[in-house]
Amino acid sequence: MKMRLSMGNVSARSFGIGGAVLAVAAVDSMISPKTLAAPYASNVLITGTSVNFILNEAADALTVSIDGGAPQVLDGSTAGTKGFTLPSASSTFSINAQKTDPIGYQIPTGLSQGSSTTGLSFATQQAGTRYIGSTNSANTRFNSPRGVSVGTNPNQSNFGTAYVSNSAVGTLAASGALPARTLGDGLYAIHSDLSDAFGYSNTAQAASLTFTNSTSSPFRIQAAADGFVYITDFSDSDGKLARMSSNLTTGQLVLAANGGVVNSTTPDLPAGQNHGSTLAVHARVDASGLTLYTLDEDLSSGHVAGGANSGDYNSLWRYDVGNATLPYSAMPTKLNHLLVGLVTTGTNATPIVATSDIDRGSDGKLYMGQSRANGGEAGIFVLDTDGSTVLFNSLSASRALLANSTAKDIFTNVMGLAVSPDQKFLAVILNSSDVAVMPLVNGIPQIDQRVIVDTGTDVASGRDIAFDAADNIYYVSSGQSTLRILSPGGVTSSTLSYDGSSYSYSETVAAPEPGTLALASLSLLSLLRRRRRPPVLSGEIPVSQ
């Protein structure tokens, strides 16, 4: 296929690795700038003067700068545990990883993918499908995955660790060289190189929490900035919001009480209960403490006010927990009722609730998605920081783009959504298990620039999606029975820095036109060879947490 070449400058952003700007400067004027990343250092552990970390995928160049010195070359030819030695326990360092890849979700293939009854409702340009790690890894096979999230706070020990919620006991048959895998109800943890994070193997972790009574328990999860993994439970009998420690050894309820049933037999939640069955959560952690945003199958504004069930199910709620003792029992504030969550007929009717999801951008904007197949309701909303003011809805945006006031929403079958930590991209997992990605400008999706990543034969259901700190996309699909990781592709450079007391993560990246990639890669490697010095290494050090 033929693609146009474009020329432009790359701008460096927070690239702190000694005095060397390495490959990014070398490819200046060859590529057009985007903010992406792929290989990066995660799960850093310092023991005395020994440092080890995990590289999520092979890099074209992997270096460390110690105490502001010149970059020293590490072996980045494979993913996995890497190590080096510091001259003193008080030393500082920056680990830089770089890669050039012509395939990824931000590099169009030139092909168009047609509409689908389980995907997008309108033809969309395809982008490249590049998986990070093996698609046949034993650790990435799940019989009933429902949620996925990745630790993105470099000052937490779980930076780069991915968590998957599996909602049912079951066995996956042997496949090729892979043996059968029997899984349970609970959470699993995987490092960025797809290794078993804590040695739990096939045993699901529940940490004293109950997840055994429904295939909607546990449901969506979030690895929050405080190091905890927050867990929703969409079941009737055990509906809850809970959290587990980063190593999954302890668990506790975040909101008081278990259970959430509203139907023709049970017209309302128990008096005073502040939640029902929860579908999605975002935990914001800042100087004021903990703030929770949830979507709830059963909670209504009438119940919250102490009156009768008012039926506004699937609303967005905010819990101002602060530093209060958990479990939290105060009532939340309703922010909006934009998603489908109506009742059929009668006061005590069973609610019709769409599969829905929420996320929050770095600027405080809130993103909501819901799975609607007919295209008559919006699949995506963007809200201002108040959670009430609608800044964007995909139905109106689709009709404006298509110049058709009765057109379907392009974004049908949205099962889950995620905003990249740098708020440059919004990604959605579709019922078909394909992934749609679009850039954000001031937090607003640019749907005319959307692309779709074909993950194989359309199969229901795609379940959940998340970004890591380097803008790699993680998704889980019960149809595919797997966790997979999609790379953005392009010329990428990421830096994890330690100043002696805390970590920071930054990236300088570019998504080039394919014709410039070979030249960029050669420039990167030649510059490294010119600067090469003997590395200070201690060999491969096993990771422990």
Side-chain angles (χ1 to χ4, degrees), residues 220 222 224 230 232 241 254-255 262 269 274-322 328 330-343 351-372 376-400 409 411 414 416-419 423 426 428 438 440-447:
R220 298 197 191 279
Q222 183 211 358
Y230 288 78
T232 64
L241 183 63
V254 177
L255 299 180
V262 174
L269 296 168
N274 65 351
H275 70 88
S277 302
T278 54
L279 294 94
V281 63
H282 178 86
R284 188 186 89 202
V285 184
D286 56 24
S288 63
L290 176 64
T291 303
L292 299 170
Y293 300 91
T294 71
L295 297 172
D296 197 297
E297 180 188 23
D298 308 291
L299 196 62
S300 77
S301 56
H303 174 85
V304 166
N309 186 340
S310 49
D312 44 349
Y313 308 119
N314 211 8
S315 292
L316 178 63
W317 302 92
R318 188 189 71 227
Y319 296 80
D320 299 313
V321 179
Y328 185 72
M331 287 295 180
T333 300
K334 178 182 166 181
L335 300 182
N336 69 62
H337 179 52
L338 295 167
L339 301 181
V340 173
L342 308 175
V343 295
I352 306 169
V353 178
T355 297
S356 52
D357 199 9
I358 52 173
D359 203 358
R360 184 175 179 271
S362 58
D363 67 358
K365 290 186 179 70
L366 292 161
Y367 297 77
M368 299 195 306
Q370 61 181 345
S371 180
R372 309 305 296 156
E377 301 98 356
I380 300 171
F381 290 91
V382 180
L383 310 166
D384 209 344
T385 56
D386 60 6
S388 302
T389 305
V390 178
L391 303 176
F392 166 93
N393 82 73
S394 55
L395 178 60
S396 298
S398 296
R399 288 173 173 175
D409 187 357
F411 291 90
V414 174
L417 55 73
V419 183
Q423 208 167 352
L426 180 68
V428 300
M438 70 208 88
L440 297 170
V441 174
N442 296 322
I444 303 302
Q446 306 301 294
I447 67 171

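Quick note: residue numbers are just sequence positions, from 1. Everything numeric in this text was worked out from a predicted model, so none of it was measured.
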Candidate pair Arg220 and Val281, rule side-chain contact (heavy atoms from CB on, under 4.5 Å), full reasoning:
CA-CA 7 Å; Arg220 298 197 191 279; Val281 63; 5.9 Å; no
Do Met331 and Asn274 come close enough that some side-chain heavy atom pair is under 4.5 Å?
yes
Step-by-step side-chain contact (heavy atoms from CB on, under 4.5 Å) determination, Val304 to Lys334:
CA-CA 9 Å; Val304 166; Lys334 178 182 166 181; over 6 Å; no
Hey, what do you get for CG (Leu299) to CH2 (Trp317), rounding to the nearest 0.5 Å?
4.5 Å
What heavy-atom pair brings Asp357 and Ala280 nearest, and what distance separates the two atoms?
OD1-CB, 3.7 Å
Do you know which of Ile358, Leu316, Asp359 makes side-chain contact (heavy atoms from CB on, under 4.5 Å) with Leu366?
Leu316
side-chain contact (heavy atoms from CB on, under 4.5 Å) between Tyr230 and Leu292, worked out
CA-CA 10 Å; Tyr230 288 78; Leu292 299 170; 4.1 Å; yes
Crowded around Asp286 CG? As in, over 12 foreign heavy atoms under 6.0 Å?
yes
Applying side-chain contact (heavy atoms from CB on, under 4.5 Å) to Met368 and Leu295, what does each step give before you reach the verdict?
CA-CA 9 Å; Met368 299 195 306; Leu295 297 172; 4.2 Å; yes
Can you say whether the rings of Tyr319 and Tyr328 are parallel (under 30°), tilted (30 to 60°) or perpendicular (over 60°)?
perpendicular
Give, for atom OG of Ser398 and atom CD1 of Ile447, the distance between the pair rounded to the nearest 0.5 Å.
4.0 Å
With sequence neighbours left out, write down each residue that passes salt bridge (Lys or Arg N to Asp or Glu O under 4.0 Å) with Asp298, or none if nothing qualifies.
none
His275 NE2 to Leu255 CG distance, which is reported to the nearest 0.5 Å
5.5 Å
What pair of heavy atoms forms the shortest contact from Ala378 to Gln370, and how long is it?
O-NE2, 2.8 Å
Measuring from Tyr367:OH to Tyr293:OH, what's the distance to the nearest 0.5 Å?
13.5 Å
Rounded to the nearest 0.5 Å, how far does OG of Ser371 lie from CG of Leu339?
11.5 Å
With rounding to the nearest 0.5 Å, note down the distance linking CG in Leu383 to CG in Asn393.
10.0 Å
Counterpart residues, side-chain contact (heavy atoms from CB on, under 4.5 Å), relative to Ser310 (two or more places apart):
Ser300, Ser301, Asp312
Salt bridge (Lys or Arg N to Asp or Glu O under 4.0 Å) partners for Asp386, two or more places apart:
none
Closest non-hydrogen atom pair, Asp409 against Ile380
OD2-N, 4.5 Å
What closest approach, in Å, do Pro445 and Val382 show between heavy atoms, and which atom pair accounts for it?
CD-CG2, 3.6 Å
How far apart are the closest heavy atoms of Leu241 and Thr232, and which atoms are they?
CD1-CG2, 3.9 Å
Shortest non-hydrogen pair, Lys365 vs Leu391, comes out as CE-CD1, 3.5 Å
Does Glu377 use its side chain to pair, donor to acceptor, with the backbone of Arg372 at less than 3.5 Å?
no
Has Gln423 got a side-chain atom pairing as donor or acceptor with Leu440's backbone, closer than 3.5 angstrom?
no
